[in-house]
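First comes the structure, then the notes that go with it.
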There are 2 protein chains.
Amino acid sequence: MSDVARIAFPPPDKTNGKRLAKAVERAGEEFAAKNLRFTKLRQMVYEEIAATYASIGAYEILARLADKGTRVAPISIYRAIDALLEAGVIHRLESKNAFFACRRMDHRTGRRPLFLSCEKCGAVGEVDGQHIFDLIGEAAVGAKFQARVKFVEVQGLCPRCAAGGGKE
Amino acid sequence: MSDVARIAFPPPDKTNGKRLAKAVERAGEEFAAKNLRFTKLRQMVYEEIAATYASIGAYEILARLADKGTRVAPISIYRAIDALLEAGVIHRLESKNAFFACRRMDHRTGRRPLFLSCEKCGAVGEVDGQHIFDLIGEAAVGAKFQARVKFVEVQGLCPRCAAGGGKE
DNA sequence: GACCTTCCGTTACACGATATCATGACGGTC
DNA sequence: GACCGTCATGATATCGTGTAACGGAAGGTC
Ligand SMILES: [Zn+2]
Ligand SMILES: [Zn+2]
Ligand SMILES: [Zn+2]
Ligand SMILES: [Zn+2]
């Protein structure tokens, strides 16, 4: 597997406590850098999202927290999600109404990523798509359309699943 | 306004019975060409979608049909929508969970359209985006990702609304 | 007619998201 | 300490989107 493929699609379930702790720490730094509060609830919600490379729905997060003894209302999950989105540590998959943790802390280079979502294992990868967003902007200009929000999402098979390595 | 802009973004409300009848007729031809049945329900659902240039949700269609005396269950609306999607006479906007009528009967040239959705008036336009989809395909190949379904959607202001001509 | 396939009606439910109002925690100010 | 503004959270209810399962109706085919 090439480097870019490995980076974009690590194993979907490697929960690895150490890696997760590292991700939480980086998320905390992002919050601090933006003068946002990384509260207990936000951290718990983030941990559920970051514990998997797959995308996860709000109610799935709710259920997992409930299993661990933390029972909260849907609205609380969504408020936490909003904060995480604002901090830029998670992304929303429009085509699935679900969320996943950002694995690339380099968005502020200004280059936008495009999302690759595996239909078999659920893993979501991000690859650079700046040139594509540029082209979309040009197409909009050509139509006299004032573009504000653009999203590009691709569904298919990740390298692992395409090779038959995904969970059956 | 340029030609391309006018074509992509006609007035969102020009319901014009004659134009609608023409659209229904063309939709019927599409169904026939694909050996699908353009049933009464499908035609009614199509008429509600095609009666506006804006996108419309399934339950909004449901409500409008109910107002006209036709009361059906959500599942029936969705089944009709599935058939209309399969016939290619409507499209789905993933970012809004809504549907709109296709105004370009030239997709089978093989060139895929790009959806431009106005945040103010709701109108949805289509412009050629084949080169963009090609580029996305290349990006996926670079990540060893086997792409199957690609979504590209843009939200912003249509030419009319950007110029202050949309309904306030 | 009998047969088969597709479409539709009904019921019930799962999942996604928001409105509204109330409570609590924290920091600053007087 | 008492007051106040802001933000985060809690509680309840409701709305919006989408599907499963089953049975019956409609339409083509022989
Ligand atoms: Zn990211
Ligand atoms: Zn996979
Ligand atoms: Zn179209
Ligand atoms: Zn508009």
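Note on naming: letters A, B, ... go to the chains in the order of the sequence lines (proteins, then strands), and numbering restarts at 1 for each one. As the structure is a computational prediction, the values presented were derived from the model and not from experiment.
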Both B/R37 and B/P74 contact DNA chain D. Which one's nearest nucleotide lies toward the 5' end?
B/P74

To the nearest angstrom, how far is B/I61 atom CD1 from D/dT17 atom C1'?
12 Å

Rounded to the Å, how far apart are A/D82 CG and D/dT9 P?
11 Å

Whether A/N97 contacts C/dA17 is assessed here as follows: a side-chain N or O lying under 4.0 Å from the phosphate OP1 or OP2. Is that the case?
yes

Could you tell me whether the side chain of A/Q130 and the main chain of A/R112 form a donor-acceptor pair under 3.5 Å?
yes

So, OP1 or OP2 of D/dG18: does either fall under 4.0 Å of a side-chain N or O from B/Y78?
yes

Value in whole Å for how far the P atom of D/dA8 lies from CG of A/L84
12 Å

Under 4.0 Å between a side-chain nitrogen and a carboxylate oxygen: does that hold for A/K68 and A/E47?
no

Between A/R92 and C/dG16, is there a side-chain N or O to OP1/OP2 distance below 4.0 Å?
no

Check the pair B/R26, B/E30 against salt bridge (charged side-chain N to carboxylate O under 4.0 Å, His left out), reporting the backbone distance first and the verdict last.
CA-CA 6 Å; B/R26 276 201 311 263; B/E30 277 301 304; over 6 Å; no

Which part of the nucleic acid, if any, lies within reach of A/A73 when heavy atoms closer than 4.0 Å are counted: base, sugar-phosphate only, or nothing?
base

Within less than 4.0 Å of OP1 or OP2 of D/dT9, is there a side-chain N or O belonging to A/R42?
yes

Rounded distance in Å - CG (A/L41) to P (C/dA25):
15 Å

Calculate the interatomic distance between A/M44 atom CE and D/dA8 atom P; express it in whole Å.
15 Å

To the nearest Å, give me how far apart CG (A/L36) and P (D/dT9) are.
12 Å

In whole angstrom, what separates A/N35's CG from C/dC26's C1'?
16 Å

OP1 or OP2 of C/dG9 under 4.0 Å from side-chain N/O of B/S76
yes

Out of C/dA17, C/dG9, D/dG10, whichever nucleotide has its closest atom nearest the side chain of A/V72:
D/dG10

Can a donor-acceptor pair under 3.5 Å be found between the side-chain atoms of A/R79 and the base atoms of D/dG10?
yes

When rounded to whole Å, the CG to C1' distance for the pair A/L62 and C/dC15 reads 11 Å

Quick check on D/dT9: is either OP1 or OP2 less than 4.0 Å from any side-chain nitrogen or oxygen of A/T39?
yes

For A/E94, is there any backbone N or O sitting under 3.5 Å from a side-chain donor or acceptor partner on A/E153?
yes

Are any of the side-chain heavy atoms of A/S117 and A/S95 separated by less than 4.5 Å?
no

